[in-house]
Structure formats: structure tokens, C-alpha cells
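Numbers for residues simply follow the sequence, beginning at 1. Below, each value reflects all heavy atoms present in this structure, side chains not excepted, and no hydrogens, waters or symmetry copies.
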Amino acid sequence: MASLLEMKEIFRSADAVCFDVDSTVIKEEGIDELAKFCGVGDAVAEMTRRAMGGTVTFKAALTARLGLIRPSYEQVQKLISDNPPQLTPGIRELVSRLHQRGVQVFLVSGGFQSIVEHVALQLNIPTANVFANRLKFYFNGEYAGFDETQPTAESGGKGKVITHLKEQFQFKKVVMIGDGATDMEACPPADCFIGFGGNVIRKQVKEKAKWYITHFDELLKELEER
């Protein structure tokens, strides 16, 4: 197991940094916001808490939550336009600094492609660097399920994305940053996991993560020290 000093060195010399999105890059949980918008907020928030705590499989929780919400294409688009995701303080500066250093930045999310791509555009991250779940709709715009073939649709999926990135780009050092159990379990294959508690603190992650931060300024300072 790498020491904290070794982890900091991995972060400073990383080829790529992968961020979780919900409650990490943005303040909200996208699926909870969508549920509120569709009138089933409380029931879905409880399911999200269980999923993030790692007590049920991610795919089972996602299927159950979406089965309750059944969002239409129009509702998803209206949510993005009326209640756009709020960026977490410091993330814009951190991503910009990583880009300046030639580090590739990816968004690896159990959330939804349309919402995550909106976030990527705000951070100048290419949409090709977004890995997220895809909602499916019928021709009339009604909910038709989600693409279960996406790696991010199941537990362990974020690790599969990182393995794919390492193979595709020959990255030597990849860092994963996130707030939840699905982020922590992506290391390995990630070379370093940084737990983030700036929006919500997941007890399991705070206790187990060797490097745990509550503000992105802490990572900016690490980059400035080199």
C-alpha cells in the first residue's frame, strides 16, 4: 500500500486524473435532483444513500431508482436548463491547472451522460473524456430504460473504465477522485484514490481512504509545490 507521501507524488506526476461527478465535481447527486424534479425525491434519495454506502449493488439501485422516476426526455432537458448542476468550489481552477500541466482529465460517473456532458463543457473537458450512463427513450420521449452495457452501470464499472484508459492511452499513473464506495473500489486499477468530502461525507470512505480532502484547494496546493 502506498504511503500518503507516495500518493501525493503519484498525484503530482499523474498522466490522467479521473473525477467522479455527483457530490464531487458538482454539489448535487444528479439522480436525486432528477427524482425531485419528477416528484419522487424522498424515496429515491433513500435508495441513493444505500447505494453510496455500498450495501446494495450499483446496478440494482440504479434500476430501482430509475423505475420509480421514469424520466422523459423532455424532463431531463428541462432539468438541465432550469436547474443546471452547480460546480463544486475550486474544481474549475483544479481542472484548468491539470490541463495546463498536460494531464488528461476524465469524468467517470454513475450519473447520466446528458447531465455529465453539460458539466464537461463548463470545465473544457472533451465529451470523449466522459464515461457515464445513458438513458434510453422511446420515439415519443417516454423513458425506455438505460443502457446496461455501459461499464458505469454496475459495481466495479469505474475500475473497468480506468483499465480501458490505461490500455488505450498507455497511462502509467492514473488517479481517481470521488466521494463514494464505487470510486474507492476503482483503486486498483487506479494507482491512487483520493476521497472527497467537500459536499457530503460518506463514513466508509472517510475511514478507509488514506488520503481524504474536503476542498479542491488542497490538491491545487500539492500541484504548486512541485
With the threshold set at 4.0 Å, does a side-chain nitrogen-carboxylate oxygen contact exist between Asp22 and Lys27? no
Mind checking what makes salt bridge (charged side-chain N to carboxylate O under 4.0 Å, His left out) contact with Glu148, not counting sequence neighbours? Lys59
Checking side chain to side chain contact (heavy atoms under 4.5 Å, CB included) between Cys18 and each of Leu165, Val175, Asp183, Val105, which is the one that passes? Leu165
Output a table of donor-acceptor pairs, distance under 3.5 Å, between side-chain atoms of residues 137-147 and any protein atom two or more places apart or on a different chain; print 'none' if there are none.
unit_1, atom_1, unit_2, atom_2, d
Asn140, OD1, Glu142, N, 3.0
Asp147, OD1, Thr149, N, 2.9
Asp147, OD1, Thr149, OG1, 2.5
Asp147, OD2, Thr149, OG1, 3.3
Asp147, OD2, Gln150, NE2, 3.1

Verify the distance criterion only: is there a donor paired with an acceptor across the side chains of Asn124 and Ser96 at less than 3.5 Å? no
Could you check whether Glu33 pairs with Lys36 (Lys NZ or Arg NE/NH1/NH2 to Asp/Glu carboxylate O, under 4.0 Å)? yes
Would you indicate whether Glu74, at its atom CD, is surrounded by more than 12 heavy atoms from other residues, nucleotides or ligands within a distance under 6.0 Å? no
Pair Arg202 + Glu29: basic N to acidic O under 4.0 Å: yes
The complete set of ring-ring contact (aromatic ring centres under 6.0 Å, His included) pairs with one or both residues in residues 81-103, sequence neighbours excluded, reads none
Partner of Ile69 under side chain to side chain contact (heavy atoms under 4.5 Å, CB included), chosen from Val76, Val44, Leu135, Asp32: Val44
For the pair Lys173 and Asp15, find out whether any cationic side-chain nitrogen is under 4.0 Å from an anionic carboxylate oxygen. no
Are the side chain of Arg101 and the backbone N or O of Arg12 linked by a donor-acceptor pair below 3.5 Å? yes
Please check if any side-chain donor atom of Asp179 sits under 3.5 Å from a side-chain acceptor atom of Thr24, or the reverse. yes
Check for me, please, whether Val108 and Phe169 land in the same ILVMFWY cluster - side-chain distances under 4.5 Å, paths through other members count. yes
Looking only at side-chain N and O atoms, does Gln104 offer a donor or acceptor that is under 3.5 Å from a partner on Asn129? yes
Answer yes or no: is there a donor N or O on one side and an acceptor on the other, between the side chain of Thr88 and the main chain of Val25, under 3.5 Å? yes
